[in-house]
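Accompanying notes for the structure given below.
Residue numbers start from 1 in every chain, and the chains themselves are labelled A, B, ... in the order their sequence lines are given, proteins ahead of strands.
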Protein chains: 2
Amino acid sequence: MADELPSIDPDRLIHEPGRLAILAILNALEEVDFLFLMEQTGLTKGNLSSHTAKLETAGYIEIEKAFVGKVPRTVYRLTEAGSEALDGYRRHMEGILNSLG
Amino acid sequence: MADELPSIDPDRLIHEPGRLAILAILNALEEVDFLFLMEQTGLTKGNLSSHTAKLETAGYIEIEKAFVGKVPRTVYRLTEAGSEALDGYRRHMEGILNSLG
DNA sequence: CAAACTGGTTTGCGCTACAAACCAGATTAC
DNA sequence: GTAATCTGGTTTGTAGCGCAAACCAGTTTG
């Protein structure tokens, strides 16, 4: 089976709406915590947890766990690699969408 | 679990890259056959078959089977509903992508 | 001390995208 | 004429994934 085209396939890790939402927020806000991410994305705790785990494994985000007093607090941050990947994704998708124009 | 946002969720049926590729081609070309779609999308026969079946079920495309002489020929066409859905998807995604600016 | 809340992780399941196997009919080779 | 090949697909099998629910550790409140 030939592959004539330069591949229309976007980065699947980013393409998933839940993760795209996470990345979009981190792209805008620099540093957020779990609860905030959950509220903004509308994801459940479980989904948010597994999505962020995947993004961390890919090196797209950093997860930092710390204690504020006695309360655990996890903050999420976009890495440089994540920022670049997101930018690449944006350009890729814009190219596709523009062709629909 | 609250849903504070107006939902970032795109139409999953369109969001899938394989189907988006099919729809993009049909959006541009009006009427194409199976082999052409396969070459352009890079999908295998099986995937193309099941993706088009789903798009037809959703009412986004029409599938017309006919014989040219003795050779079967299936042509695919975007429906009005499909065109509208695709347009909605494009606007939706552009909104998200623009916010990444 | 028990109940409830915070801040998550782990588990279980249904769906789906993918490739491979299959299939029917037409054509070509022998 | 019959066996192999090609065209044009559909059906089947499976691995992976997104989802929600269950669970869990620690803290605060009653």
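In this structure, CG of B/Leu13 is placed 16 Å from C1' of D/dG18, rounded to the nearest angstrom. D/dG18 atom C1' lies 14 Å from atom NE2 of A/His15, rounded to whole Å. Whole-Å rounding puts the A/Met38 CE to D/dA21 P distance at 12 Å. Rounded to an integer number of Å, the gap from CD1 of A/Ile22 to P of D/dC19 is 10 Å. Rounded to a whole Å, the CZ atom of A/Phe34 is 15 Å from the C1' atom of C/dC5. Rounded to a whole Å, the CG atom of B/Leu35 is 16 Å from the C1' atom of D/dT10.
Using a 4.0 Å heavy-atom distance criterion, A/Leu48 is classed as making no nucleic acid contact.
Comparing D/dT11, D/dG18, C/dT10 by their closest approach to the side chain of A/Ser49 singles out C/dT10. Proximity note for A/Arg19 (side chain, C-beta onward) versus C/dG7, D/dG18, D/dG8: the nearest is D/dG18.
Every side chain to side chain contact (heavy atoms under 4.5 Å, CB included) that A/Ala21 has, sequence neighbours left out, goes to A/Thr41, B/Ile8. Under the side chain to side chain contact (heavy atoms under 4.5 Å, CB included) criterion, B/Arg73 pairs with B/Asp33, B/Val68, B/Val75, not counting sequence neighbours.
Looking at B/Asp11 and B/Leu86, their side chains never come closer than 4.5 Å, going by heavy atoms from C-beta outward. Contact annotation: the side chain of B/Phe36 approaches that of B/Ile25 to within less than 4.5 Å [non-hydrogen atoms, C-beta and beyond].
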* Going 5' to 3' through nucleotides 18-27 of chain C, assign each nucleotide B (protein heavy atom under 4.0 Å from a base atom), S (under 4.0 Å only from sugar-phosphate atoms) or - (no protein heavy atom that close). => BBB-----SS
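Listed pair B/Lys65 / D/dG8 fails the phosphate criterion, with no side-chain N or O lying under 4.0 Å from OP1 or OP2.
Electrostatic pairing of A/Arg90 and A/Glu94 counts as a salt bridge here, judged by a charged N lying under 4.0 Å from a carboxylate O. Using a 4.0 Å cut-off between charged side-chain N and carboxylate O, B/Arg77 and B/Glu30 make no salt bridge.
Between A/His15 and B/His15, the two ring planes are parallel [angle under 30°; tilted spans 30° to 60°].
Along DNA chain C, the nucleotide nearest A/Arg73 and the nucleotide nearest B/Lys54 are compared for position; the residue whose nucleotide lies closer to the 5' end is A/Arg73.
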